[in-house]
Amino acid sequence: VETPKKNTRYGGVKVKMLVDTHVHTNLSNHAYSTIDECARYARLHQLEGIVMADHLNDDISYDILASLLNREVLPSNIYGVQLIRGIEVDIIDVNAHLSGEDTKCLFNTEKNVCEAVLDTSDIVIASVHSTYKGGNLLANTNMFIKILEDPRVNIIGHCIKSNISFEIKEVVNAARIFGKPLEINESTFGNKEKIKYIYELLECCAEEDTMIAIGSDAHCAYDIGRFHKVNSILSEVEFPETLIVNKKLIEFLKYMGGRYE
């Protein structure tokens with residue numbers, strides 16, 4: 001894949017992200033590490049905080065749902081690392097429906113599963129996975145814009161990794177208008193065909209002053225805080241560090257409107 005030429009307009013520098021905004025624990029049934037292990041490795045990488053962004057999808061089990069709804073028993077800080085209760089919820093269709101919206105919650109019959117889990121989450125990442133019933137370029141673009149309009153959603157997860165076409169500039173503009181970051185995800189770089197679109201997204205975010213979040217998408221503790229590929233491309237295009245929300249914990253929580261306990 002041909003790599004776009006370096007852009008030197010923005011004066012960016014290489015940045016150390018002190019918050020990993022996308023970490024999976026073993027509450028995601030295809031992830032391997034406990035919350036304790038995740039906190040230990042975050043400490044090893046000198047992180048200030050991690051967002052526990054376990055999956056909410058239509059395959060969620062009774063036991064995992066119960067655990068997600070009981071996260072208030074967790075300490076807010078382990079080994080000096082802030083634990084932020086997040087969720088990564090599936091976007092289901094072009095109408096911007098979220099997983100669990102059509103399923104009653106057994107633990108709270110007045111709410112559906114989506115409402116119950118999102119109400120107990122400090123950070124909500126909405127992402128497209130294989131469950132998405134997709135559309136054409138225009139429909140997918142409008143879907144992302146509707147998701148950005150949704151007051152429950154804080155971050156759009158790995159939109160380049162999502163395997164759907166959309167108008168990058170339209171989505172970037174909407175993200176700026178609604179004040180929500182787009183995620184650049186370390187795991188996206190496994191597909192070389194997507195790299196050119198990552199460049200395009202970053203260039204557009206820089207031009208439009210749209211914030212981004214950097215997440216490892218770690219599914220085991222060993223990958224937490226590893227942003228090598230993302231950092232390389234950020235440095236190459238000289239992306240402005242002022243547009244990265246997770247440089248420091250206090251700045252991240254302030255931008256997200258979260259609590260610092």
Side-chain angles (χ1 to χ4, degrees), residues 20-39 42 50-76 78 83-135 140 143-144 146-148 150-159 161-164 180 183 185-188 213 215-221 223-224 256 258:
D20 192 333
T21 63
H22 194 146
V23 171
H24 292 276
T25 75
N26 57 3
L27 289 181
S28 295
N29 58 14
H30 56 296
Y32 293 90
S33 302
T34 65
I35 292 170
D36 186 90
E37 290 166 337
C38 288
I50 57 175
V51 178
M52 298 177 293
D54 286 302
H55 288 286
L56 172 56
N57 53 42
D58 288 344
D59 294 327
I60 192 168
S61 69
Y62 177 95
D63 291 340
I64 290 178
L65 176 59
S67 295
L68 288 173
L69 295 178
N70 195 39
R71 288 176 295 173
E72 63 184 23
V73 304
L74 293 171
S76 61
I78 302 178
L83 300 181
I84 302 166
R85 292 175 298 181
I87 199 72
E88 184 183 18
V89 59
D90 278 11
I91 304 168
I92 297 301
D93 55 33
V94 294
N95 295 314
H97 292 131
L98 300 177
S99 183
E101 288 183 326
D102 58 354
T103 306
K104 283 293 183 182
C105 181
L106 296 175
F107 302 97
N108 186 340
T109 55
E110 295 181 356
K111 296 181 178 181
N112 60 46
V113 167
C114 185
E115 290 170 335
V117 175
L118 268 56
D119 284 351
T120 61
S121 301
D122 296 319
I123 298 293
V124 175
I125 301 172
S127 303
V128 168
H129 292 101
S130 59
T131 56
Y132 180 69
K133 300 176 180 66
N140 294 333
M143 175 275 295
F144 275 129
K146 288 180 182 178
I147 289 293
L148 287 163
D150 190 331
R152 300 172 297 176
V153 174
N154 303 104
I155 298 172
I156 300 296
H158 54 62
C159 54
K161 185 184 177 184
S162 61
N163 291 322
I164 62 171
K180 297 178 181 180
E183 182 189 66
N185 187 294
E186 183 77 4
S187 68
T188 303
S216 67
D217 202 0
H219 282 68
C220 66
D223 289 332
I224 291 173
M256 292 288 100

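Index from 1, following the sequence.
Counting only heavy atoms from C-beta outward, the side chains of Asp150 and Leu98 approach each other to under 4.5 Å. Side-chain atoms of Thr131 and Asp59, non-hydrogen and from C-beta on, never get closer than 4.5 Å to each other. You'll find the side chain of Thr120 reaches within 4.5 Å of the side chain of Arg71, heavy atoms only. Between Asp102 and Asn112 the shortest side-chain heavy-atom distance does not fall below 4.5 Å. Two residues are said to be in side-chain contact when any heavy atoms from C-beta on lie closer than 4.5 Å; Ile123 and Thr21 fail this criterion.
Across every non-hydrogen atom of Val153 and Ile156, the tightest pair is CG1-CD1, 4.4 Å.
Asp58 and Ser99 form a side-chain donor-acceptor contact under 3.5 Å, judged by distance and modelled atom types alone. Using modelled atom types, one finds a donor on one side chain and an acceptor on the other under 3.5 Å when comparing His24 with Glu88. Residues Asn140 and Tyr132 have side chains that bring a donor and an acceptor to within less than 3.5 angstrom of each other. Side-chain polar atoms of Ser187 and Asn185 form a donor-acceptor pair below 3.5 angstrom.
Under a 3.5 Å cut-off, the side chain of Ser216 and the backbone N or O of Ile224 do not form any donor-acceptor pair. The backbone N or O of Thr25 lies less than 3.5 Å from a partner atom in the side chain of Asp54, making a donor-acceptor pair. Looking at Asp90, its side chain never comes within 3.5 Å of a backbone N or O of Ile92 through a donor-acceptor pair. Judged by distance alone, the side chain of His30 and the main-chain N or O of Ser28 form no donor-acceptor pair under 3.5 Å. For the pair Lys180 (side chain) and Leu148 (backbone), a donor-acceptor distance under 3.5 Å is present. Looking at Asn154, its side chain does come within 3.5 Å of a backbone N or O of Val124 through a donor-acceptor pair.
Atom CZ of Phe107 has more than 12 heavy atoms from other residues, nucleotides or ligands within 6.0 Å.
Taking the six-membered ring where the residue is Trp, His158 and His22 present parallel rings, their angle staying beneath 30° rather than reaching 60°.
For the side-chain hydrogen bond (donor to acceptor under 3.5 Å, both in side chains) test, no residue two or more places apart in sequence or in another chain qualifies with Asn26.
Between the CG atom in Asp93 and the CG atom in Asn95 there is a gap of 5.0 Å [rounded to 0.5 Å].
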